*Asks:* 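This structure is in structure tokens; I'll ask about it shortly.
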Number of protein chains: 2
Amino acid sequence: MSTSRGARQPTIKEVASRAGVSPMTVSRTLAGGVNVRPDLQERVMAAVRELGYYRNENARSLRPGQPSGLIGVAITNLANPYYGNFALGVEEVAAEHGRRIILGNTGEDAGRERQLVSDFIGRQVDGLILVPTSGDAEHLQPERLGDVPLVLASRRVPGLDVDTVLLDDVGGAYRGTLSLLDAGHTRIGFLGNRSSVFTGERRYRGYERAMTERGAPIDPSIIARDQQDVDAASRAARAMLDHPEPPTAIFSANNRNTIGALREIGRRLRDGVPGPRPALVSFDDFELSELMPVPVTVIDHDARLLGREAATLLFARLEGTAEAEATTVELPVTIEHP
Amino acid sequence: MSTSRGARQPTIKEVASRAGVSPMTVSRTLAGGVNVRPDLQERVMAAVRELGYYRNENARSLRPGQPSGLIGVAITNLANPYYGNFALGVEEVAAEHGRRIILGNTGEDAGRERQLVSDFIGRQVDGLILVPTSGDAEHLQPERLGDVPLVLASRRVPGLDVDTVLLDDVGGAYRGTLSLLDAGHTRIGFLGNRSSVFTGERRYRGYERAMTERGAPIDPSIIARDQQDVDAASRAARAMLDHPEPPTAIFSANNRNTIGALREIGRRLRDGVPGPRPALVSFDDFELSELMPVPVTVIDHDARLLGREAATLLFARLEGTAEAEATTVELPVTIEHP
DNA sequence: CTTGCGGTTGGTAACGTTACCAACCAGGGG
DNA sequence: CCCCTGGTTGGTAACGTTACCAACCGCAAG
């Protein structure tokens, strides 16, 4: 009838009385057993096994100065394999340091991010790792976080000077665009995100720089910067290829736009729609790119490594080995030609 | 110099003295403010804002019977988008119930799973959701878990009778294989996992049933059941296609094997290797399957929904609305023809 | 034989919070 | 006028754990 089933978790007192010792002896045994007689240690461990006792970590961390062993991680979209890998990297390094991660998904919603951060702090996390949304950053200011260190990943937040791990978005987009220009293309379309999205802005800048440097004209009518999902990207690619003067190549600033563009190109091939079969450069890797019906150059990077770097930065902060001022790590990207 | 920077988290006492009330009044205000004078509530809220106070959830949940608000989730491989989506589904439902998830990655390692479960229980999780590894299950027995409910996902554990969410592996594999037989294929290869992997075994059973039912011979020399990653799958596909009597179609039991097989098929096309271009049925969806050089039928399913169902089962248990005996939910799969 | 020391053990208090109970207040009915 | 009621407030204790201190032991040195 009641909600609780069976026995609740045994406490250290129950273990102690079963082993015929004091709670302190149990505590000391579980802490490594220094200055506890071996026979008592054995009796304690036997009682622990028999009762199925686990230390209550929440009670342990109640004592101030004691770390909770939890790292709060908030990412924007777990369904994106990129962030799945990122979370994995964070989890790995956290586990190496004996910590667990509490994970929340913001879905690009600033309100949800705010909630998550509050909750994480309420749970006494030792640190925070965040892929920030583009909303305001008031809730991330140091005075709001108390002494909980924060690391940003993938994106920076204006007016917030904290440790950050980024990709070399500008350089990658620059080099990717150059590879198209080197192949003789001059009319190159752009598919990407709004400039309010940090990476969207940076990747556009790389594209722009390469185009300008080589004297290739930038035509706003073949630049689409507001697609967040595959369907929108498909539509944008369609419009671009239906342009009276269509591009001969397309730079796609992220995975979603690449998939959308390829869907549209595939459709045209199947349906026999005339017009160019544009070459593609994709920021973000995807599987089987080598089997695509048009050549796809991939700007690849390691999301898992990005997660590992973020966690490494955080633990440097926690262990006091970090520089006084905020550090930014910018991870290189690689270009893979078809 | 020291590790701790700045002020530590303020306590309820500090809020109370700043607002000029007792800690109890603060506690009551934060709990909704029943029977607290509105002007005092305002003073309390002002003090909360000024100090940047967050309730210590660990201390709150110390009181027995109080839920911690945490759900422990252990999955085998976060880098796999399938499990990323699964975790997302769990996270969504948990958030709807005001809970957070602690996430751990087992990497198919039973020892790591054991560690994670211990740690989760030590952190007083309200429930556990697990994609179990194939190791032994002693640490998952009810007496070891105390009163913490457990839900298994994707796989069952022998000798453990708990709530479980599965895919219709057998039915999906059966129908997928049938679609190849319907298309006239009789010599169909199989790429999959060892039978010790729960889904590997079930999907093979579906394949086997369809073949037997239609009187198609099952030839062990075109059955490869030991590939865990893309490279191994590629090699297995290569051997299969180099067979003196190669299959005209291949059933692939999971995403990794599908990608591997397609890599090999693509290589043969590029290099002009003679031989069949086998049709493919893939258990697990992947993006751009419609652009592949051979027709690919996809057995699709919704990992996010699987996560949602697992969490729903868990909360039914937690809220006492579940059946007395363990429930199994088997989610349907859909077949998408090229 | 006493002293002192190191190893071992247990009692106490405190971490931050809230359930429970007691105290107090004002106002209305007797 | 007193008593009771209901709304409001605060004190106390307890949740499970461990740091700190006190106590005790046996043994070696003086």
Side-chain angles (χ1 to χ4, degrees), chain A residues 4 7-44 47-48 51-70 119 121-126 146-147, chain B residues 4 7-44 47-48 51-70 119 121-126 146-147:
Chain A
S4 68
R8 96 215 160 292
Q9 301 296 331
T11 74
I12 199 173
K13 270 190 208 136
E14 300 172 72
V15 175
S17 73
R18 178 171 254 262
V21 296
S22 77
M24 272 314 300
T25 299
V26 177
S27 177
R28 267 189 282 255
T29 302
L30 263 30
V34 278
N35 288 351
V36 180
R37 249 166 42 212
D39 58 322
L40 285 193
Q41 292 196 43
E42 272 172 44
R43 289 214 323 254
V44 167
V48 164
L51 293 175
Y53 168 77
Y54 299 93
R55 276 199 297 212
N56 184 331
E57 295 295 328
N58 290 349
R60 286 189 82 196
S61 70
L62 195 52
R63 176 169 267 82
Q66 290 298 318
S68 68
L70 292 175
D119 186 89
I121 295 180
R123 291 184 192 283
Q124 312 301 111
V125 292
D126 299 334
D147 60 353
Chain B
S4 68
R8 100 219 156 288
Q9 300 297 331
T11 74
I12 200 172
K13 269 190 208 136
E14 298 172 72
V15 175
S17 74
R18 178 172 254 263
V21 297
S22 77
M24 273 312 301
T25 299
V26 177
S27 176
R28 269 188 282 253
T29 301
L30 263 31
V34 279
N35 289 350
V36 181
R37 250 167 40 212
D39 58 320
L40 286 193
Q41 291 196 43
E42 272 172 44
R43 293 220 314 260
V44 167
V48 165
L51 294 175
Y53 168 77
Y54 298 91
R55 276 198 296 211
N56 184 329
E57 295 294 329
N58 289 350
R60 286 189 83 197
S61 70
L62 195 51
R63 174 169 267 81
Q66 291 299 316
S68 68
L70 292 175
D119 186 89
I121 294 179
R123 290 183 194 284
Q124 312 301 111
V125 292
D126 300 332
D147 61 353

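This structure is a prediction, so every number in the text was calculated from the model and none was measured. All values below come from the heavy atoms of this structure, side chains included, with hydrogens, waters and symmetry mates left out. Proteins get letters first, then strands, A, B, ... in listed order; numbering begins at 1 in each.
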*Asks:* Using whole Å, what does the distance between atom P of nucleotide C:dC15 and atom CZ of A:R123 come to?
*Replies:*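 Answer to the nearest Å: 23 Å.
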*Asks:* Reading DNA chain D from 5' onward, which residue's closest nucleotide shows up sooner: A:T11 or A:Q66?
*Replies:*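 Nearest nucleotide further toward 5': that of A:T11.
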*Asks:* Could you check which of D:dC15, C:dT18, C:dT9 has an atom nearest any side-chain atom of A:K13?
*Replies:*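 The answer is D:dC15, which lies nearest to the side chain.
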*Asks:* Which listed nucleotide (C:dT9, D:dT18, C:dG16) is nearest to the side chain of A:S27?
*Replies:*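 The answer is D:dT18, which lies nearest to the side chain.
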*Asks:* Please work out if A:R60 contacts a base, only the sugar-phosphate, or nothing of the nucleic acid, heavy-atom cut-off 4.0 Å.
*Replies:*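 The residue A:R60 makes sugar-phosphate contact but no base contact.
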*Asks:* Any side-chain heavy atom of B:R123 within less than 4.5 Å of one from B:D119?
*Replies:*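 Side chain of B:R123 against side chain of B:D119, heavy atoms only: contact under 4.5 Å found.
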*Asks:* For D:dG10, does OP1 or OP2 lie under 4.0 Å from any side-chain N or O of B:T25?
*Replies:*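 Result: yes.
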*Asks:* About how many Å separate CZ of B:R55 and OG1 of B:T11, when rounded to the nearest 0.5 Å?
*Replies:*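 Reported to 0.5 Å precision, the distance equals 14.0 Å.
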*Asks:* Would you kindly give the CZ-to-C1' distance between A:R28 and D:dG16, to the nearest whole Å?
*Replies:*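 To the nearest whole Å, that distance equals 17 Å.
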*Asks:* Counting any heavy atom closer than 4.0 Å, what does B:R55 reach on the DNA or RNA strands: base, sugar-phosphate only, or nothing?
*Replies:*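 Result for B:R55 = sugar-phosphate.
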*Asks:* Would you tell me if any nitrogen or oxygen in the side chain of A:R37 comes within less than 4.0 Å of OP1 or OP2 on C:dT9?
*Replies:*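 A:R37 to C:dT9 OP1/OP2: side-chain N or O found under 4.0 Å.
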*Asks:* Specify the residue among A:M24 and A:N35 whose closest nucleotide of DNA chain C lies further upstream toward the 5′ end.
*Replies:*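 It is A:N35 whose nearest nucleotide is closer to the 5' end.
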*Asks:* If you check the B:L62 side chain, which of D:dT17, C:dG16, C:dT9 turns out closest?
*Replies:*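 The answer is C:dG16, which lies nearest to the side chain.
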*Asks:* Hey, is the main chain of A:G146 close enough, under 3.5 Å, to the side chain of B:Q9 for a donor-acceptor pair?
*Replies:*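 Answer holds: no.
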*Asks:* Expressed in angstrom and rounded to an integer, what is the separation of B:Q41 atom CD from D:dT8 atom C1'?
*Replies:*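 B:Q41 atom CD is separated from D:dT8 atom C1' by 12 Å.
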*Asks:* Under 4.0 Å between a side-chain N or O of A:R63 and OP1 or OP2 of C:dG16?
*Replies:*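 No, because none of the side-chain N or O atoms of A:R63 sits under 4.0 Å from OP1 or OP2 of C:dG16.
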*Asks:* Can you tell me if the side-chain N/O atoms of A:Y54 get under 4.0 Å from OP1 or OP2 in D:dT17?
*Replies:*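 Checking A:Y54 against D:dT17: no side-chain N or O falls below 4.0 Å of OP1 or OP2.
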*Asks:* Quick one: does A:S68's side chain have a donor or acceptor within less than 3.5 Å of a partner on A:Q124's backbone?
*Replies:*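 Pair found, side chain donor or acceptor close to backbone of A:Q124.
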*Asks:* Considering the options B:V26, B:V36, B:L30, B:V21, which one meets the side-chain contact (heavy atoms from CB on, under 4.5 Å) requirement together with B:Q41?
*Replies:*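 Exactly one candidate clears the test, B:V36.
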*Asks:* Among D:dT17, C:dT17, C:dT9, which nucleotide has an atom closest to any side-chain atom of A:L40?
*Replies:*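 Shortest atom-to-atom distance from the side chain points to C:dT9.
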*Asks:* In whole angstrom, give the distance that lies between atom CD of B:Q124 and atom C1' of D:dT17.
*Replies:*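 In whole Å, D:dT17 C1' lies 11 Å from B:Q124 CD.
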*Asks:* Grab the CG-P distance between A:N56 and D:dG16 for me, whole Å please.
*Replies:*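 Spelled out: CG on A:N56 to P on D:dG16 is 8 Å.
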*Asks:* How many Å lie between CD on A:E57 and C1' on C:dC15, as a whole number?
*Replies:*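 Distance, rounded to whole Å: 15 Å.
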*Asks:* If I take atom CD in residue B:E14 and atom C1' in nucleotide C:dC15, what distance separates them, rounded to the nearest angstrom?
*Replies:*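 Rounded to whole Å, this separation is 13 Å.
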*Asks:* Is there a side-chain polar atom (N or O) of B:S22 under 4.0 Å from OP1 or OP2 of D:dG11?
*Replies:*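 Answer no for this pair, as no side-chain N or O of B:S22 is under 4.0 Å from OP1 or OP2.
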*Asks:* Evaluate the side-chain proximity of B:R28 to B:M24: yes if any heavy-atom separation is below 4.5 Å, no if none is.
*Replies:*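 In short, these two side chains touch, coming nearer than 4.5 Å.
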*Asks:* Just how far, in rounded Å, is P of C:dG16 from CG of B:L30?
*Replies:*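 Atom CG in B:L30 sits about 16 Å away from atom P in C:dG16.
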